[in-house]
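All values derive from a computational prediction rather than experimental measurement. Below, chains carry the letters A, B, ... as their sequence lines are ordered, and counting in each starts from 1.
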2 protein chains.
Amino acid sequence: MNVTIKDVARIAGVSYSTVSKALNNSPLVTQKTKQKVLAVASQLGYQPNLNAKSLVSRSSHVIGVIWPTVEEQAFSSLITIVNEELKQHAYSMVLSINSLDDAVTIFNQYRLAGILAFCEREWSSSVDLLPSSAPLLYYGNASRLGHHTINVDRKQAIFDAVSYLHGIGHNRIAYIGDLSRTPEEAQLDKYRGYMNAVIHYGLQTHPGMAISVNDFSWDEGYSAAKKLLASDYDPTAVICASYELTSGVIRAIKESGYRIPENISVVSYDNIPQQEQLEPAITAVGAPVYLTAQWIVETILDLISDSDTSPVPQKHIVIPSVLTIRASSSAP
Amino acid sequence: MNVTIKDVARIAGVSYSTVSKALNNSPLVTQKTKQKVLAVASQLGYQPNLNAKSLVSRSSHVIGVIWPTVEEQAFSSLITIVNEELKQHAYSMVLSINSLDDAVTIFNQYRLAGILAFCEREWSSSVDLLPSSAPLLYYGNASRLGHHTINVDRKQAIFDAVSYLHGIGHNRIAYIGDLSRTPEEAQLDKYRGYMNAVIHYGLQTHPGMAISVNDFSWDEGYSAAKKLLASDYDPTAVICASYELTSGVIRAIKESGYRIPENISVVSYDNIPQQEQLEPAITAVGAPVYLTAQWIVETILDLISDSDTSPVPQKHIVIPSVLTIRASSSAP
DNA sequence: TTGTACGCGTTATCAA
DNA sequence: TTGATAACGCGTACAA
């Protein structure tokens, strides 16, 4: 326990600076001594002290991710993939589920290489004051803040969904999502995309064409779909604002004796592989999660290497939506 | 950026050891200089370097939590509460979603104060080899390993559910859970509790009294309940192995025209507050999540303070189940 | 009450 | 090619 390079040096019979070189693949050491040092190190169970390491190098190869809404599943697959991607680039990832402020504080104190903030809803007002030594990249709807941001284009995504459905002949296209008086920015974007498209294509309108949900559980999707089918709107297609909603919606549609897509087409927001597993496989729009993860990782790593050169230009990246057509949609 | 105590000392016109004392509430400094130092520190935006701090103190006030199955929501409320509890004790929490080995490795390298492993299913075989300098506490089914463990009593929980239902007059009590040939240990425990109780109380048995699910989604619960109701078992009560399953089960029961609890009682595993929000509020068994979180925090903090004194006795804590009666159950 | 000096484990710069 | 030595930022005896 707590064996240091000095211990390794003593056993291996070399100086500890030589050990350091051997451990770091320095060319300033012979293969032979290197082998010996490595052998002793692993035999002693040597584990480098990252505190010392990042104290001297003033940084580490660790990215801190802030994820205050751990109970929302929406980000979990994205975060999983980001983690894998970072590992490929020899970075580690560490999560905090504290508030933005608390998390930034502790990450800063550890002098992490970079910080990634996944916060779709709440933005601490004091965050602008926090002097972050590490590059801070926000994922979500934060273009207004004076920080680097990366976003998915939700408005375009839903617009594309309507375009696609209209293109194959649908005219009564319903929407199930968050229409509350004060929806989060992200949800408002989706609704805007829907309304814009409805107007743009001159679709039939109806008071009951857009159904609001209280949260994004399957249960709410189920209830909303029941309500939709009970109205006299008689939609030929429905667009759902999330994967979970969709899973409830298709259950409700099936139970009401309708078939997908023969009687009604379903298109879901959230371009994640899991859509493939639903029955039937669901046509989806939104930024593909793999692509999003890759962009996030690439951007944060760029910011880290850029951070030497000042001034750093502000980055605001928007990931386009992709339409993935599956079995749940067809011409009416 | 990167202002150190030396900078603070220079501006405040004192030596940097005085600054250190002032920052750490040492009694060896006058209130006046302390105030001055604190003022200068905050004005300069001083942020302590935790790397240096834990390098010199050989530890930090940070607990690392290993959570490889981030996509399973089961732990999320527990982890949220653990986080809050730790904050109360002036500890920070940091998560890793890597494999057990990878996570332990990096946490060790950062010399964190303690490690908490939330891994219900997979146990890396090599984990025993990892020399962890920090106390490692496992949550899950790991009593076989040579490590400290903390667990909930799932077998007792389900047994209690049957006892309760039998006590108020039920004789045909169904079970919906994971009965696959090779279930995880945790799920097997639940089923054992059920079977033990069925035998113990001499309940009516039937081939279709226990329905197996493939995963713990609401969807599987829904399908299982439909199957159960279609059989000729005619249960007066049903026990579900998880919260998500239950949410699907009650939907299926309602749709089949039955009322809860008049026609059929429902008891769910997972003693979490969310059970209260279902319609009707669900009677639940299992270790209350708040209690579990408190035990976890208390145990890991104990282990940390014990770790000075060697040898440390091995701790294996089992948290008892509690029956929380709500509207979903009544005499048949 | 305040300041000085040393060490924590590591990397990097020199001399040897 | 190796080894001694000075940082990195901080806590803490010990001296003033």
Rounded to whole Å, CZ of B:Arg111 lies from C1' of C:dG9 at a distance of 9 Å

B:Ala52 has its side chain closest, among C:dT10, D:dG9, D:dT2, to D:dG9

Can a side chain N or O of B:Asn24 be found less than 4.0 Å away from OP1 or OP2 on D:dG11? yes

Hey, does the side chain of A:Thr18 come within less than 4.0 Å of D:dG3's phosphate (OP1/OP2), counting only N and O? yes

Between B:Tyr16 and C:dC6, is there a contact of a side-chain N or O with OP1 or OP2 at under 4.0 Å?
no

Assign each of A:Lys53 and B:Pro27 the nucleotide of DNA chain C bearing its closest heavy atom; nearer the 5' end lies the nucleotide of B:Pro27

Rounded to whole Å, CD of A:Gln47 lies from P of C:dT10 at a distance of 11 Å

query: Touch check for B:Lys6, heavy atoms < 4.0 angstrom, all strands: base, sugar-phosphate only, or nothing?
result: nothing

Which part of the nucleic acid, if any, lies within contact of B:Ser26, taking any heavy atom under 4.0 Å across all strands shown: a base, the sugar-phosphate backbone alone, or nothing? nothing

Given ring pair (Phe, Tyr, Trp, His ring centres under 6.0 Å), test B:Tyr138 with B:Phe118 step by step and report yes or no. CA-CA 6 Å; B:Tyr138 285 93; B:Phe118 284 77; over 10 Å; no

(Q) On the side chain of A:Ser17, is there an atom forming a donor-acceptor pair with the base of D:dG3 - under 3.5 Å, no angle test? (A) yes

Can you see if the side chain of B:Tyr46 gets near the phosphate of D:dC10 - specifically, an N or O under 4.0 Å from OP1 or OP2?
yes

Per side-chain contact (heavy atoms from CB on, under 4.5 Å), B:Lys315 is matched among B:Thr149, B:Ile150, B:Asp302 by B:Asp302

Taking for B:Ser20 and for B:Leu28 the nucleotide of DNA chain D with the nearest heavy atom, the one nearer the 5' end belongs to B:Ser20

Of C:dT10, D:dA4, D:dC10, the nucleotide closest to the side chain of A:Ser15 is D:dA4

Considering only heavy side-chain atoms of A:Ile5, the closest of D:dG9, C:dT11, C:dG3 is C:dT11

Nearest heavy-atom contact between B:Ile319 and B:Ala287 is CG2-CB, 3.7 Å

Taken to the nearest whole Å, CG/A:Leu55 to C1'/D:dG11 is 13 Å

A:Lys32 atom NZ is separated from D:dT2 atom P, nearest whole Å, by 9 Å

note: A:Lys21, atom NZ; C:dT10, atom P; distance rounded to Å ~ 15 Å

Here the distance between atom P of C:dG7 and atom CG of A:Asp7, to the nearest Å, is 16 Å

Q.
Would you say that B:Arg111 contacts A:Asn51 through its side chain, given a criterion of any heavy-atom pair below 4.5 Å between the two side chains?
A. yes

Check: Does A:Asn271 reach the main-chain N or O of A:Pro288 with its side chain, forming a donor-acceptor pair under 3.5 Å?
Finding: no

Picking from D:dA6, D:dC8, C:dC8, the nucleotide nearest the side-chain atoms of A:Val56 would be D:dC8

Separation of D:dG9 atom C1' from A:Arg58 atom CZ, nearest Å, is 9 Å

Minimal heavy-atom distance between A:Val297 and A:His89, with the atoms involved, is CG1-CD2, 4.0 Å

Compare side-chain N and O positions of A:Ser57 against OP1 and OP2 of C:dT10 and report whether any pair is under 4.0 Å apart. no

Any base atoms under 4.0 Å from B:Ser54, or only sugar-phosphate, or nothing? Heavy atoms, all strands.
nothing

Whole-Å distance, B:Leu50 CG to D:dC8 P, equals 19 Å

